[in-house]
Peer 1: 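After the structure tokens below, expect a handful of questions from me.
Here the structure is a predicted model, which means the values were calculated and not measured. Proteins get letters first, then strands, A, B, ... in listed order; numbering begins at 1 in each.
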2 protein chains.
Amino acid sequence: MRKSQPDHTDICFCPLSGLLDVLAKKWALLIIAILGNEGEKGFNELKKELGSISPKPLSDTLKSLEGTGLVHKRILATSPPSVKYSLTPDGWQFREYLIPILVWVSERGGKDQPGCPIHRSPHRNSNNPK
Amino acid sequence: MRKSQPDHTDICFCPLSGLLDVLAKKWALLIIAILGNEGEKGFNELKKELGSISPKPLSDTLKSLEGTGLVHKRILATSPPSVKYSLTPDGWQFREYLIPILVWVSERGGKDQPGCPIHRSPHRNSNNPK
DNA sequence: CCGTATCCGATAGGATACTG
DNA sequence: CAGTATCCTATCGGATACGG
């Protein structure tokens with residue numbers, strides 16, 4: 001249920017803490033950005049894109065993202081059963097809020113390090129890093 | 001469904017990682033929200049508002065927020081010399097991006113726990129100092 | 001291919017005591 | 001009041017091995 005008043009005063013920060021516990025994980029925002037850019041991804045696809053992540057933190061992060069309803073896990077009953085992760089509507093919504101921040105951050109500190117391991121658009125797959 | 005808007009492509013995520021290292025700290029967003037609501041705050045004022053935080057993490061967090069240019073530390077040469085923390089213009093800008101997320105989060109998971117230690121508006125008392 | 005199970009090192013953050 | 005200095009613990013995240 002929603003508060004009747006649009007002028008949102010009195011926000012309890014407890015849910016924020018809950019979300020933060022998820023988003024503060026090292027790879028969470030990156031996963032959201034990648035799924036937003038490229039749609040569905042499998043576990044090892046994600047792992048490959050993220051580069052240096054180990055299976056455990058990836059698994060943990062995906063679980064918590066699923067738990068907060070930002071990411072959806074779909075299991076395909078194909079001959080080699082495969083798994084696909086994608087953003088939920090809430091995940092898309094959150095990504096919309098996130099994009100201006102990503103852009104702003106990149107403009108502030110915006111040094112494009114040559115050895116940057118992760119270098120992509122916040123909202124489209126344009127592989128033109130240089 | 002909203003497609004992603006075109007254009008600002010090629011965002012390097014390195015600066016994001018840097019900012020995340022700061023914002024992922026347990027109390028960082030809360031401090032930004034409080035300073036945004038109430039303007040300048042002293043060290044122990046902040047500590048009291050945050051409730052259960054210990055001096056070390058508070059000190060650490062304030063230093064890193066200062067380091068990324070989101071928070072400004074002002075030292076007053078009053079009789080008992082006091083210190084005041086406040087948001088920088090960048091801090092205010094960031095807070096602007098943050099507010100919709102805070103509101104959104106509180107509306108999604110929006111359970112207002114009775115024992116919530118921190119319960120305030122994300123932008124109640126906007127006395128913008130600039 | 002999709003993870004889980006273990007072990008391990010690094011670090012965040014709490015408690016407390018103490019100094020300027 | 002505004003921190004710093006220790007100490008201690010919990011958790012995160014990486015590596016590797018293994019199972020579904």
Peer 1: Within the structure provided, determine whether A:E38 and A:E49 are in side-chain contact (heavy-atom separation under 4.5 Å).
Peer 2: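 Yes, at least one pair of side-chain atoms sits under 4.5 Å.
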Peer 1: 5' to 3' on DNA chain D, which nucleotides open and close the contacts with chain B (atom under 4.0 Å from a heavy atom)?
Peer 2: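 Boundary nucleotides touching chain B, in 5' to 3' order, are D:dC1 to D:dC7.
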Peer 1: Does the side chain of B:W92 reach to within under 4.5 Å of the side chain of B:S86, using non-hydrogen atoms?
Peer 2: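 B:W92 does not reach B:S86 side chain to side chain.
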Peer 1: For every nucleotide of nucleotides 9-20 of chain C, 5' to 3': is a protein heavy atom under 4.0 Å from its base (B), only from its sugar-phosphate (S), or from neither (-)?
Peer 2: ----BBBB----
Peer 1: Contact class for A:K48 vs. all strands (heavy atom < 4.0 Å): base, sugar-phosphate, or nothing?
Peer 2: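 The answer is nothing, as A:K48 stays clear of every strand by at least 4.0 Å.
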Peer 1: Wobble G-U and Watson-Crick pairs count when both distances are under 3.5 Å; given that, what is the 5' to 3' dot-bracket string of DNA chain C, with | for pairing to other strands?
Peer 2: |.||||||||||||||||||
Peer 1: Below 4.5 Å, heavy atoms only, C-beta onward: do B:L46 and B:I53 meet side chain to side chain?
Peer 2: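 SC-SC contact between B:L46 and B:I53 ruled out.
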Peer 1: Do side-chain atoms of B:S59 reach the backbone of B:P55 as a donor and acceptor pair under 3.5 angstrom?
Peer 2: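 Absent.
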Peer 1: Give the rounded distance in Å between these two atoms: CG of A:L58 and P of C:dA5.
Peer 2: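 The distance from CG of A:L58 to P of C:dA5 comes to 16 Å, rounded to the nearest Å.
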Peer 1: State which residues pass salt bridge (Lys or Arg N to Asp or Glu O under 4.0 Å) with B:E66; sequence neighbours excluded, sorted by chain then number.
Peer 2: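 Listed in chain order: nothing, the list is empty.
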Peer 1: So, does A:K63 get its side chain near the phosphate of C:dT4, meaning an N or O under 4.0 Å from OP1 or OP2?
Peer 2: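 Result: yes.
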Peer 1: Ignoring hydrogens, what is the shortest heavy-atom contact between A:I32 and A:L87? Give both atom names and the distance.
Peer 2: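 Heavy atoms of A:I32 and A:L87 come nearest at O-CD1, 3.9 Å.
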Peer 1: Assign A:K73 to base, sugar-phosphate, or nothing according to its heavy-atom contacts below 4.0 angstrom with the strands shown.
Peer 2: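 If one applies the 4.0 Å heavy-atom cut-off, A:K73 turns out to touch the sugar-phosphate alone, with no base involved.
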Peer 1: Between CG of A:L102 and OH of A:Y97, what distance do you get to the nearest 0.5 Å?
Peer 2: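 Interatomic distance, A:L102 CG to A:Y97 OH, rounded to 0.5 Å: 15.0 Å.
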Peer 1: Under the side-chain hydrogen bond (donor to acceptor under 3.5 Å, both in side chains) rule, collect the residues that match up with A:K25, sequence neighbours excluded.
Peer 2: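 Checked A:K25 against side-chain hydrogen bond (donor to acceptor under 3.5 Å, both in side chains); zero matches.
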Peer 1: Going by the rule salt bridge (Lys or Arg N to Asp or Glu O under 4.0 Å), which residues pair with B:K56 if we only count those two or more places apart in sequence or in a different chain?
Peer 2: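 Here the qualifying residues are B:D60.
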Peer 1: Going by heavy atoms in the side chains, are A:K84 and A:L76 under 4.5 Å from each other?
Peer 2: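 Sidechains of A:L76 and A:K84: in contact.
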